[in-house]
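Worksheet for the structure shown next.
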Amino acid sequence: MKYNFNEIVQRDNTNSIKYDFAHRRGKPEGLLPLWVADMDFKTPAPVVEALVEKSKHGIFGYSEGGQDYFFILKDWFKTRFDWNIQPEWLITTPGVVYAIATAIRGLTQIGDSVIIQQPVYYPFAETIKINDRKLVVNKLEHKNGKYFMDFDDFESKIIENNAKLFILCNPHNPVGRVWTREELVHLGDICLKHGVMVISDEIHQDFIYPGHKHLVFADLKPEFLAITITCTAPSKTFNLAGLQVSNIFIENKEIKRKFKKEMQKGGYNEINIMGIVACAAAYSKGRKWLEELKIYLGENLGFLRDFLSEQLPQVKLIEPEGTYLIWLDFNELGLNEEALEDLIINKAGLWLDAGTMFGAGGEGFQRINIATPRLILEQALTQLERAINNK
């Protein structure tokens, strides 16, 4: 391979949330961190070069993505997902969570119900609650190591709570599902039937394992496009989270008006110029890097799968269809949540994301980020093995 994903980059003392601020999150120092969705790989060289060139220009004034930026996005989504975006749909924001919070405030009223499918990315629930909306949970069903949607419960919860908004996670974080056309259409038809708008978080869309295909929810039916805010970003794909750039697509003019009005209430107008530069460079010149990265991540997944099977059969891998955030089932160990956390943190010396963070159905699970050099992953699993065997 052209790119060296085995390179270990020193990240301590770089103001990295992943590495430098454990104490702020109530964790002891010195843990090996494989928690947050932040890869331990350098972003592709063309992105770095574009940022350096912009820095040399020396002026960092108010900026927007222009026509060239849009056409780079258009080519990316057409080539990868056969989705034909239009320029009038695009709104740039500093992040997907920011966009979700903006949509919640702009499209619902205080006390309105917003439905999510737990266990799911924990900022969904946090953002709903902190904005004084009612959290409604349609719990995913776990059957024989795979997760499924409970459509009957989904529709019942919408009716019972008069839900106004649904946040879809596709690919799903943390359970790793890449929802099928049949699942998404069934879901969307229920939302149409009951007048529920959809925020579709598709930030992990570029990480799909062989045998699966990411489908843009809004592109499945014209009626879905009319009720959906589609959230995308280069941040997970190219490790650009600190540059704060996301691309949000809204076809419905009234939904877009409400969304932009809520943005204006918060005083946000122009995007980070370095985010624009990085996204454009990544999407136009980073494809080969991404394809090699996906091969490496597949090999990391294979390493994890084999290690668990041979050394830790008590820990079950929930086979992912997408994302580099892997959902591990520790329930066979028979530990309560406090004991499991003690095992992971104090005995294994690891910082993972506890399953309970993701809500209903997360008990006994941990999420691990495998987007790291193989040596680090091997070290983490070895530490886990020692802790479990000596517990």
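Heavy-atom basis, side chains included; hydrogens, waters and symmetry copies ignored.
Among residues at least two apart or in separate chains, ring pair (Phe, Tyr, Trp, His ring centres under 6.0 Å) pairs with a member in residues 350-375 are Trp35-Trp351, Tyr122-Phe358, His142-Phe365, Trp327-Phe358, Trp327-Phe365. Applying the salt bridge (charged side-chain N to carboxylate O under 4.0 Å, His left out) test to every pair with at least one member in residues 351-372, sequence neighbours left out, gives these pairs: Asp353-Arg367.
Here the closest heavy-atom approach between residue Gly322 and residue Val178 is recorded as N-CG2, 3.6 Å. The minimum heavy-atom distance linking Pro46 with Ala281 is given by the pair O-CB, 3.8 Å. Shortest non-hydrogen contact noted between Pro320 and Leu317 is CD-CD1, 4.4 Å. Closest non-hydrogen pair, Leu168 versus Leu184, comes out as CD2-CD2, 3.9 Å. Considering all non-hydrogen atoms of both residues, Leu187 and Phe151 come closest at N-CE2, 3.8 Å. The shortest non-hydrogen separation linking Tyr296 to Thr372 is CE2-O, 3.7 Å.
With sequence neighbours excluded, the residues satisfying side-chain hydrogen bond (donor to acceptor under 3.5 Å, both in side chains) with Lys193 are Glu155. For Thr228, there are no side-chain hydrogen bond (donor to acceptor under 3.5 Å, both in side chains) partners two or more places apart in sequence or in a different chain. Glu292 pairs by the salt bridge (Lys or Arg N to Asp or Glu O under 4.0 Å) definition with Lys288, not counting sequence neighbours. Qualifying side chain to side chain contact (heavy atoms under 4.5 Å, CB included) partners for Gln383, counting only residues two or more places apart in sequence or in other chains: Leu32, Leu350, Gln379. Asn346 meets the side-chain hydrogen bond (donor to acceptor under 3.5 Å, both in side chains) test with Asp342; sequence neighbours excluded. Residues satisfying the salt bridge (Lys or Arg N to Asp or Glu O under 4.0 Å) criterion with Asp150, sequence neighbours excluded, are absent altogether. By the side-chain hydrogen bond (donor to acceptor under 3.5 Å, both in side chains) test, Trp179 is found to be paired with no residue, residues two or more places apart in sequence or in another chain being considered.
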Handout entry: Residues Leu381, Gln311; criterion side-chain contact (heavy atoms from CB on, under 4.5 Å); working and verdict
Key = CA-CA 9 Å; Leu381 294 176; Gln311 308 297 330; over 6 Å; no
Practice task
Evaluate side-chain contact (heavy atoms from CB on, under 4.5 Å) for Arg80 paired with Leu290, printing each intermediate quantity in order.
Solution key: CA-CA 12 Å; Arg80 301 188 73 82; Leu290 176 59; 3.5 Å; yes
Exercise for the section: Given side-chain contact (heavy atoms from CB on, under 4.5 Å), test Leu73 with Ile85 step by step and report yes or no. Expected result: CA-CA 8 Å; Leu73 299 183; Ile85 62 170; 4.0 Å; yes
Practice task
Please assess Arg257 against Glu254 for the test salt bridge (charged side-chain N to carboxylate O under 4.0 Å, His left out), listing each intermediate value before the final yes or no.
Solution key: CA-CA 5 Å; Arg257 182 191 69 78; Glu254 182 61 13; 2.6 Å; yes
Practice task
Starting from the C-alpha separation in whole Å, work towards a yes-or-no answer on side-chain contact (heavy atoms from CB on, under 4.5 Å) for Val136 and Val114.
Solution key: CA-CA 6 Å; Val136 178; Val114 181; over 6 Å; no
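Under the 4.5 Å side-chain contact rule for hydrophobic residues, Met357 and Ile17 do not share a cluster. The same ILVMFWY cluster, assembled from side-chain heavy atoms under 4.5 Å apart, contains both Leu192 and Val196. Side-chain heavy atoms closer than 4.5 Å link hydrophobic residues (I, L, V, M, F, W, Y) into clusters, and following such links, possibly through other members, connects Ile190 to Val198. In this structure, Leu375 is a member of the same hydrophobic cluster as Leu384, with clusters built from ILVMFWY side-chain heavy atoms closer than 4.5 Å. Under a hydrophobic clustering in which Ile, Leu, Val, Met, Phe, Trp and Tyr are joined whenever their side-chain heavy atoms come within less than 4.5 Å, directly or via other members, Val48 and Tyr3 fall into different clusters.
Between Glu291 and Lys2, none of the side-chain N atoms (NZ, or NE/NH1/NH2) sits under 4.0 Å from a carboxylate O, so this pair counts as no salt bridge. The pair Asp153-Lys139 does not count as a salt bridge, with every side-chain nitrogen at least 4.0 angstrom from each carboxylate oxygen. Residues Asp206 and Lys236 are not paired through a salt bridge, judged by the lack of any N-O separation under 4.0 Å between the basic side chain and the carboxylate.
None of Glu49, Lys56, Lys54 except one satisfies the side-chain contact (heavy atoms from CB on, under 4.5 Å) rule with Val52; the exception is Lys56. Among Glu321, Gln117, His172, the one residue that satisfies the side-chain hydrogen bond (donor to acceptor under 3.5 Å, both in side chains) test with Arg177 is Glu321.
The shortest distance between side-chain heavy atoms of Leu243 and Leu51 falls below 4.5 Å. Counting heavy atoms from C-beta on, the side chains of Lys18 and Asp40 come closer than 4.5 Å.
The environment of Glu338 atom CD is sparse: at most 12 non-hydrogen atoms of other residues, nucleotides or ligands sit within 6.0 angstrom. For Lys316, the NZ atom counts as densely surrounded, since its 6.0 Å shell holds more than 12 non-hydrogen atoms of other residues, nucleotides or ligands.
When atom types are taken as modelled, the side chain of Asn161 and the backbone of Ala163 share no donor-acceptor pair closer than 3.5 angstrom. Panel note: side chain Ser309, backbone Arg305; no donor-acceptor pair is recorded below 3.5 Å. When atom types are taken as modelled, the side chain of Thr43 and the backbone of Phe238 share a donor-acceptor pair closer than 3.5 angstrom. A donor-acceptor contact shorter than 3.5 Å is absent between the side chain of Lys261 and the backbone of Gly106. Judged purely by atom type and a 3.5 angstrom limit, Asn369 uses its side chain to pair as donor or acceptor with the backbone of Val36. Of the possible polar contacts, none joining the Gln109 side chain to the Gly111 backbone as a donor-acceptor pair under 3.5 Å is found. Here the side chain of Glu337 pairs a donor or acceptor atom with the backbone of Gly364 at under 3.5 angstrom.
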With a cut-off of 3.5 Å and sequence neighbours excluded, list every side-chain donor-acceptor pair involving residues 92-105.
| from | atom 1 | to | atom 2 | distance (Å) |
| --- | --- | --- | --- | --- |
| Thr93 | OG1 | Gly95 | N | 3.4 |
| Thr93 | OG1 | Gly95 | O | 2.9 |
| Thr102 | OG1 | Tyr98 | O | 2.8 |
| Arg105 | NE | Glu262 | OE2 | 3.1 |
| Arg105 | NH1 | Asn131 | OD1 | 3.4 |

For a quick test of your reading: what N or O donor-acceptor pairs under 3.5 Å do the side chains of residues 58-67 make, sequence neighbours left out?
| from | atom 1 | to | atom 2 | distance (Å) |
| --- | --- | --- | --- | --- |
| Ser63 | OG | Gly61 | O | 2.7 |

Which donor-acceptor pairs under 3.5 Å do the side chains of residues 213-226 make with protein atoms, sequence neighbours left out?
| from | atom 1 | to | atom 2 | distance (Å) |
| --- | --- | --- | --- | --- |
| His214 | NE2 | Glu202 | OE1 | 2.8 |
| Lys221 | NZ | Asp189 | OD1 | 2.8 |
| Lys221 | NZ | Asp189 | OD2 | 3.4 |

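Aromatic ring pairs are classed by plane angle as parallel below 30°, tilted from 30° to 60° and perpendicular above 60°; the pair Tyr121 and Phe124 is perpendicular. Note: Phe77 and Phe249 have perpendicular aromatic rings, judged against thresholds of 30 and 60 degrees for the angle between ring planes.
Remark: Leu34 CG to Ile370 CD1 distance equals 10.0 Å, nearest 0.5 Å.
Figure legend: cation-pi geometry between Arg374 and Phe5 absent, as NZ or CZ is not positioned both under 6.0 Å from the six-membered ring centre and within 45° of its axis.
Side-chain N/O atoms of Asn247 and Tyr69 include a donor and acceptor closer than 3.5 Å.
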